[in-house]
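Inspection log for the structure reproduced underneath, given as structure tokens.
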2 protein chains.
Amino acid sequence: MLNIKIILRTLGFLLIGESLILLLALAVSFIYKDGDSIAFLESALITMTVGGLFIATTYKASKKIGKREGYIIVSIVWIFFSLFGSLPYLLSNSIPSFTNAFFETMSGFTTTGSSILNNIEEMPHGILFWRSITQWVGGMGIVVLSLAVLPAFGIGGMSLFTAESPGISPDKVNPKIKDTAKILWNVYLIFTLAETILLFVGGMGVFDAVCHSFTTMATGGYSTKQASIAHWNSPYIQYVITFFMILAGTNFSLSYFAFTGSPKKMFKNEEFKYYILFIFSVTLLITIGLILSTNNGIEESFRTSLFQVVSILTTTGYATTDYLLWAPILTALILMLFFVGGSTGSTGGGIKTMRIVLLVKNSYYELRRLIHPNAVIPVRFNKRSVNPQTITNVLAFFFFYVVVFFLSSLFFMLFVDDYETSIGAVATSLGNIGPGFGTVGPSATFAHIPSAGKWFLSFLMLLGRLELFTIIVLFSPAFWKR
Amino acid sequence: MLNIKIILRTLGFLLIGESLILLLALAVSFIYKDGDSIAFLESALITMTVGGLFIATTYKASKKIGKREGYIIVSIVWIFFSLFGSLPYLLSNSIPSFTNAFFETMSGFTTTGSSILNNIEEMPHGILFWRSITQWVGGMGIVVLSLAVLPAFGIGGMSLFTAESPGISPDKVNPKIKDTAKILWNVYLIFTLAETILLFVGGMGVFDAVCHSFTTMATGGYSTKQASIAHWNSPYIQYVITFFMILAGTNFSLSYFAFTGSPKKMFKNEEFKYYILFIFSVTLLITIGLILSTNNGIEESFRTSLFQVVSILTTTGYATTDYLLWAPILTALILMLFFVGGSTGSTGGGIKTMRIVLLVKNSYYELRRLIHPNAVIPVRFNKRSVNPQTITNVLAFFFFYVVVFFLSSLFFMLFVDDYETSIGAVATSLGNIGPGFGTVGPSATFAHIPSAGKWFLSFLMLLGRLELFTIIVLFSPAFWKR
């Protein structure tokens, strides 16, 4: 029997949490008095009431949360948060269409960063703050989920790596969920604070510095400016944001070790090494390409290239330039990055560096197996043998990812006219990146996508954010049996 | 120690074989007297001489052919056949450029069917015959290789399925290579003959009927007309060719059983069932799409859709229409077919139906494993459990295929300006299909691709034809060790 009451009860408590964040946005809107305060007050009250009702009607619930309840809670929290989170946009009339408001909120909580707004600078401060904090909360949510909650449930999909890989096991941070979450929360908070200060020192206003720190650490990519980071035209700000994007795309428990006395652990970690290696190899290629194909100097080419590579690879999605205007092969290199993603246990989306590394390693071992069919050669990662079941899971994840991408791009052709837009919109939603290709590039928005298309992309964002399996398993008959 | 002598010796015998086929083309050129006879005579003599030299200088070779020798022979046979096979084009001046001649020959022997010819109707009959027979020989070669030779060597990559799957094991046809090859050869010959007769009855000239039967059974797709099958504008001819394309994309040992008294085996075979199911599902979708988006009647829409779906899915590549002119979503459906391919043990290329079926099944089982992590649930195929090692191999093959496709499309952007051409050219070469997208669609040729690009595509054709592993393993250090 599915324990529906505990699902509703948990959801209730989380909605109370969301209403508190709405009250925080209310406070911000009070400071700037842009006329959006009433909307936040109403939104907070509605959310709090519904949350309270969920809790009040389920006070007799058994506390048993099994695996199935876990999957369902994780999935519907994102949906309910997006539903209630779209209230401020609707009630303040900042985004009058429900479809658009839901898309913008889902894009926020999933830390995607795709936007339908064409007039960001006209938005009230409270709304801009809300937009940014949805990402920050979503990012924190995914880190806690993947490093603390899910491993405790013993849920396979997302806890796979953390349970398997030495050095980044949540057990080594702390075996108890609450303590682990608290530590991660502190790391997240300290990084956000550090970035805010550094951005402020670089000349960004306090409000913009806070909002951008929120969306950097979440690898979300929402900006308070229509032109994104290009608005500031400051190399200092670009380098600061690049550094924190790299940090946000790194496993948070690894960063915790690095900043609490064991920096060696970071550089002994294979995923981190390949992550950094990959960033700098692609940056080098694109830097050379930009030097050869534009009039920009070496530093500017390097900075632009690094920023764009890190922004896409970590699935943040900030822009300092429009990569669609680059030489086609350089744009194609960026498209390739859409399918890599950040590190496990980071706020980044996509396939993830560790999976890619395991896939490449396994391919090499597969070739060796062809030559020596009887030799048992396990794949090694971080100096330990990887369980063959893990390899199969990673390979199956890759297959799912490619098939979902393919079929979705095909289906999305119903809503747009050109392949590039279809492929770009699907890839960016599934990878939780933000900008896409074709008519949804870095200089454009998703406003012109038909409503049904926006709902479909919202679904893909959720699917990608919860690493496919969490959602897909809900559609499998085996899940609902008995 | 690598037995280089036996490699050269085997190659020598095979080149003698190629020279005999050149003599056959010489005979054809004698009949039509288009002035290409001398070229064929010279080509045959050169090929025979080189082959003879290889044999003469290696008479003391040990007869031991190990796995490594097997891999090398299989790979270089295709290269040498293409080198000597381009002689008639060069010597008759039909294709003066070496790059173009090699591309056309490799596209022939790998049964791809991509062409650089813009003036097919002006070609001498001998050359057209040679073009068609390169595909026929290549197709037969791949069937014998995958169903008879490689399993005997115990080579993993391509024999994987045939060794694993009940009902299509070469052992059940006949345990001895020569006998198996002879049976397959007879099946191939009978099908070719049957198609020739049916096409002739339908009003096609003998020469065209023979050439098209050759390229149908090979799922090659070379035509004697620039407009391909659209030239005849005959529903009868289209249906006949469609039927034989389906047959050519079916496992030949399965067809052997079906036509020798055990037709039930065919319909009990899971790969065949899914292959047929897939053909008709996509045909149905595209038929509906064509009815809605064009003025064509139901029969014509169905026929066009069926022909195009079968042509691409079996990796033949004949055209009765230009799918680039269809509604974008229908064209996108065709692009999807580029990544499926024919059945194992057929002349078709691509990923292959059986691999796709195993991948989908494994994904379903992976979901069940998420819910019941401790239950051992093996994937079943044709009512038997599939070895987990086989699943890993198939998953790794898929990963290789996607990565090679991705990186090659990226690399190919150096030679063309648009993504569609790059993706289309790479996908069609890797899948041994023929036509692509963008500027290399069904109504266009590959003539305008820069030379380096043509060499790269030729390499991809070989890579795809030998199912990646056979070639890639040659580049792995483990292969050359000791």
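A, B, ... follow the sequence lines: proteins, then strands. Residue 1 opens every chain.
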Among all residues two or more places apart in sequence or in another chain, which pass the ring pair (Phe, Tyr, Trp, His ring centres under 6.0 Å) test with Tyr364(B)?
none
Looking only at Leu335(B), Val403(B), Leu367(B), Ile472(B), the option with the highest number of non-hydrogen pairs under 4.5 Å against chain A is Leu367(B)
Side chain, backbone, both or neither of Phe400(A) within contact of chain B (heavy atoms, under 4.5 Å)
side chain
Below 4.5 Å, heavy-atom pairs only: which of Asp417(A), Leu407(A), Leu333(A) has the largest tally toward chain B?
Leu333(A)
Heavy-atom distances under 4.5 Å only: say whether Phe399(B) touches chain A with side chain, backbone, both or neither.
both
Top of Tyr419(A), Phe412(A), Phe397(A) for chain B proximity - count of heavy-atom pairs under 4.5 angstrom
Tyr419(A)
Looking at Phe406(A), I'd like to know if its CZ atom is crowded, meaning that more than 12 non-hydrogen atoms belonging to other residues, nucleotides or ligands lie closer than 6.0 Å.
yes
Counting heavy-atom pairs under 4.5 Å with chain B, which one of Ala327(A), Ser363(A), Ser476(A) comes out on top?
Ser363(A)
Bottom line for Val402(A): the part with an atom under 4.5 Å from chain B's heavy atoms is side chain
Would you sort out whether Ser75(A) and Thr470(A) count as a side-chain contact (heavy atoms from CB on, under 4.5 Å), showing the intermediate values?
CA-CA 7 Å; Ser75(A) 305; Thr470(A) 318; 4.1 Å; yes
For Asp418(A) against Gly438(A), the heavy-atom pair lying closest together:
OD2-CA, 4.1 Å
When the aromatic ring centroids of Phe411(B) and Phe415(B) are compared, is their separation below 6.0 Å?
yes
Per-residue tally against chain A (heavy atom, under 4.5 Å) across Thr331(B), Val416(B), Ile423(B) peaks at Thr331(B)
For the rings on Tyr323(A) and Phe437(A), is their centre-to-centre separation under 6.0 Å?
yes
